[in-house]
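By convention in this document, chain letters (A, B, ...) are assigned in the order of the sequence lines, proteins followed by strands, and residues within each chain are numbered from 1. Heavy atoms only: backbone and side chains are in, while hydrogens, waters and symmetry mates are out. These numbers were taken from a predicted model, which means no experiment stands behind them.
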There are 4 protein chains.
Amino acid sequence: MAPTTQQPVAPDQAAPPATPPRGKGRPRSAAADLAILDATREALAELGWGGLTMGDVATRAGVAKTTLYRRWPSKNELVVDAVASLFDELEMVDLGSLRADIEAVVAQFATLLARPETQAALLALFAEGSRDPQLRRRIRERIVEPQKYLVQQGRAQAQSRGELGPDLDEVTAAEEIDIIFDTIAGTVEHRLLVSGRPITPAWIHRFTTLLLSPLGHPQEAG
Amino acid sequence: MAPTTQQPVAPDQAAPPATPPRGKGRPRSAAADLAILDATREALAELGWGGLTMGDVATRAGVAKTTLYRRWPSKNELVVDAVASLFDELEMVDLGSLRADIEAVVAQFATLLARPETQAALLALFAEGSRDPQLRRRIRERIVEPQKYLVQQGRAQAQSRGELGPDLDEVTAAEEIDIIFDTIAGTVEHRLLVSGRPITPAWIHRFTTLLLSPLGHPQEAG
Amino acid sequence: MAPTTQQPVAPDQAAPPATPPRGKGRPRSAAADLAILDATREALAELGWGGLTMGDVATRAGVAKTTLYRRWPSKNELVVDAVASLFDELEMVDLGSLRADIEAVVAQFATLLARPETQAALLALFAEGSRDPQLRRRIRERIVEPQKYLVQQGRAQAQSRGELGPDLDEVTAAEEIDIIFDTIAGTVEHRLLVSGRPITPAWIHRFTTLLLSPLGHPQEAG
Amino acid sequence: MAPTTQQPVAPDQAAPPATPPRGKGRPRSAAADLAILDATREALAELGWGGLTMGDVATRAGVAKTTLYRRWPSKNELVVDAVASLFDELEMVDLGSLRADIEAVVAQFATLLARPETQAALLALFAEGSRDPQLRRRIRERIVEPQKYLVQQGRAQAQSRGELGPDLDEVTAAEEIDIIFDTIAGTVEHRLLVSGRPITPAWIHRFTTLLLSPLGHPQEAG
DNA sequence: CTGTAAGCGAGACGGTACGTCATGTCTTATT
DNA sequence: AATAAGACATGACGTACCGTCTCGCTTACAG
């Protein structure tokens, strides 16, 4: 790893709602947490966001509604947590070249977004998040940031390989990461979820070309 | 094929649900349609998708629920129609260069997406559309295709200016339009609605550079 | 009937909650009212006050909970109305003597209080009424006053027969009616519902004797 | 049978649920019992029967719900015990004449029934008791019988004074006590709790006259 | 003096009913 | 035939208590 490279740190990627500060009474059942999240994902895939009801999730999980509400104040927060774990499977591998790395991660992302529970959940969460700043923050922490971290990682790998020059300054680097991240995530989501067209290896190749082409014109970037 | 061949045609951009075939009894009030759509946009901006109720829209519009349901079968279709007209203000102007044209349309789109009723509606519609194929079709017809048409227009303008070569074949052209469209729409939406960061002229400049850079490396594209 | 006798007027003894002032929309289903009151009495007899739930009443009546709540704001008011009609069967007959009249009405009252739905309802209503002045007023209007009216009637009959002298003044007459009424109703209820002992013809005879004995000592009464 | 024969014995008038047979572990806190009963009476006066919840009582008493349920199986039994002690204050004094004795005890009873916790509790208990035979038995033991004992006492006092003749036979005596008791208790309760009218010295005088008048016509009684 | 058995506060648990709300349909009378 | 008004069946909502359960901690008697 290059000497001055930014030292990205993966944000925490799990942890149920919040650990109760101290245990006085009966401790919360850990099994219930898992059962609820599983039930949420299952219901989500079957019924979609609109069809998902708290009561149904509770029933599927073999849990009382109260137990559910004790942990998650609303459908939104519940689904964030239930869905967030799906994104844990995304990972940046080092395939030896920037193009290969990008294509791999785009393919991973596309595969993930093709799953019905992800489709139903992701846009719905974004939609709700556009109204509720707290939810938006939670989405960002649990879903978006972990994804962005992949871009940081890929960039660092490319720098250590010498494909990219070192960061000129932190601000510019952050902006570059932002724009690349929004472009990858936004474009893939839009094609799959809005345009409703499949993401093929050929499409990935062409899209990666688009992403990589500025590297031949470094003077224009920024 | 001649350079200017592609003869894009703007799809119909308005028209309330469907004109009743012929009038026997009392004709439908045209004023009601407008009042309903206005009320929908107003309620949408105030309450967001989740807070919007049919009863409330009817009350705001000074109309009975019956009247509302007679015209639009559900909340989804109503909001599509109410929101679609907002997108009519997008238009491709000819500023003399491809970069300027792109920057202008991106800026327009960003401005539109900054309005609260658009924010509330767009992602919510996409979310609902991911479950309901009919709604998806309707969204595509009324909202997505008119936007994609702008890309076609811009491309045609650039070709007529000589900035872009003529279409090699129709399929490739359509694919190029698709990828550019998904990239522009997806990226702008993701930055504004998911990442929650503003779209500034500087960002537009950098993003446009990304879009334009493949043009300097035509051998790599595709 | 004697010339100056007080002219008692039976209070209204039925009428669902309140007639909606004027009918603009769809009128309320009269069948629903009856079905609900029947269902209430049925559920009351089966499950008692504590076991009676609004949801269950609605289901039995084949009616939505909303419909039920639209008419009666709470279990209390509903049961008042459901039970009040049971008391309509009480009536003062003229058997030719004061003793016979009293014994007849006490027997009627005892028979009514032996029915399970009456037992379950009456004390529960009184209990709730001890907290809620509005409910108390309603109970008084719909249940208590119609009973007291029987005492007035019996007194008037006895006066017209000459068994009782005419009223000396209105206040004293009202007080006498009150004390007789509270004694009859309270004693019968206490024996049946609290002491839990049956009311037999012999008991009625002895109790009536108690009620009538002051008539031999008119100088002491008052 | 000799005049003073009847040897009435006052039933036990207190004692928390049941003393655990023998102590192995930590003994139950006696303070908790008192705190719970106090809290119950307090909550009863404030919130009435319907508003009283076990959790609230526990909180007021500074006690865990478990502790409460370990001692009383349900709200009913708890309230019986909490209220029963209120009736301990009733006592038959010897004022030298039957009329004075009756008027005194009626006044005591009326005063007791004027207290809000008594009002809230008494009818509610009777109501619940009309469904639950076990509760009814408990009410009878703890509340009703101690009251009836006062009638026995008063009767015995009058007999020892010579105001009343000796018992003819036990059955008739018991029936007379029953009828007098139901009449006093029922009438006072009905006037206060159902009719909702105050009990004044004048009313007590008139009511006592009613009770005493059969004594002037012994041939009719029975 | 150390088990061990019960009591205790706390609070999570599976339930059940609550009373409210929005949906989309229906019945009126009116236009 | 369309309209405004509003009743209707349905079904989810989020809350409140219920009575039970599991914790970790005192007590107190027993060996």
Side-chain angles (χ1 to χ4, degrees), chain A residues 20 22-29 31-32 50-59 61-71 73-75, chain B residues 20 22-29 32 50-59 61-75, chain C residues 20 22-29 31-32 50-56 58-59 61-71 73-75, chain D residues 20 22-29 31-32 50-59 61-75:
Chain A
R22 196 59 279 277
K24 261 302 219 19
R26 174 176 175 175
R28 291 197 179 165
S29 157
L52 183 150
T53 67
M54 297 299 263
D56 180 54
V57 168
T59 304
V63 139
K65 260 199 304 175
T66 4
T67 300
L68 207 162
Y69 279 108
R70 198 175 292 120
R71 292 163 159 80
S74 80
K75 199 156 107 166
Chain B
R22 198 56 286 278
K24 192 71 163 309
R26 171 172 173 179
R28 289 195 180 168
S29 155
L52 182 149
T53 69
M54 297 298 263
D56 181 52
V57 168
T59 305
V63 141
K65 270 199 298 173
T66 334
T67 303
L68 205 161
Y69 278 108
R70 197 175 292 118
R71 292 161 157 83
W72 287 277
S74 81
K75 193 157 114 170
Chain C
R22 193 60 282 275
K24 261 302 221 20
R26 172 176 176 174
R28 291 196 180 167
S29 157
L52 183 150
T53 68
M54 296 300 260
D56 180 53
T59 305
V63 139
K65 261 198 304 175
T66 1
T67 299
L68 206 162
Y69 279 109
R70 197 175 292 119
R71 290 163 160 79
S74 81
K75 199 156 109 168
Chain D
R22 195 62 285 278
K24 191 69 167 308
R26 173 174 174 176
R28 290 194 180 165
S29 156
L52 182 150
T53 69
M54 296 300 262
D56 181 53
V57 169
T59 304
V63 140
K65 267 199 299 174
T66 334
T67 301
L68 205 161
Y69 278 108
R70 198 175 291 119
R71 292 161 157 84
W72 288 277
S74 81
K75 195 157 112 169

A:Lys24 has its side chain closest, among F:dA5, F:dC8, E:dA10, to E:dA10
So the stems of DNA chain E, runs of at least three Watson-Crick or G-U pairs (under 3.5 Å), are E:1-31 with F:1-31
Over all atoms of both residues, closest heavy-atom pair of B:Ala32 and B:Val63: CB-CG2, 4.1 Å
Could you state the CG-P distance from B:Leu68 to F:dG6, rounded to the nearest angstrom? 17 Å
OP1 or OP2 of F:dT20 under 4.0 Å from side-chain N/O of D:Arg70: no
Whole-Å distance separating the CZ atom of A:Arg28 from the C1' atom of E:dA10: 13 Å
Name the residue closer to the 5' end of DNA chain F, choosing between B:Ala64 and C:Ala32 according to the nucleotide with the nearest heavy atom. B:Ala64
Restricting both atoms to N or O, compile the protein contacts to nucleotides 20-25 of chain E shorter than 3.5 Å, with distance only.
unit_1, atom_1, unit_2, atom_2, d
E:dT23, OP1, B:Met54, N, 3.2
E:dT23, OP2, B:Met54, N, 2.9
E:dG24, OP2, B:Tyr69, OH, 2.9
E:dG24, N7, B:Lys65, NZ, 3.2
E:dG24, O6, B:Lys65, NZ, 2.9

Return the NZ to CG distance between C:Lys65 and C:Asp56, rounded to the nearest 0.5 Å. 11.5 Å
Between D:Ser29 and A:Gly62, name the one whose nearest nucleotide on DNA chain E is closer to the 5' end. D:Ser29
For the backbone of C:Leu52 and the side chain of C:Lys75, can you confirm whether one donor and one acceptor N or O come within less than 3.5 Å of each other? yes
Just so I know, are the side chains of C:Thr67 and C:Arg70 near enough to count as touching, which here means a heavy-atom distance under 4.5 Å? yes
By nearest-nucleotide position on DNA chain F, the 5'-leaning member of A:Pro27 and B:Thr67 is B:Thr67
Figure out the CZ/P separation between A:Arg71 and E:dG11, and round it to whole Å. 15 Å
For a quick test of reading the model, state the closest non-hydrogen atom pair linking C:Ala58 to C:Ala64 and the distance between them. CB-C, 4.1 Å
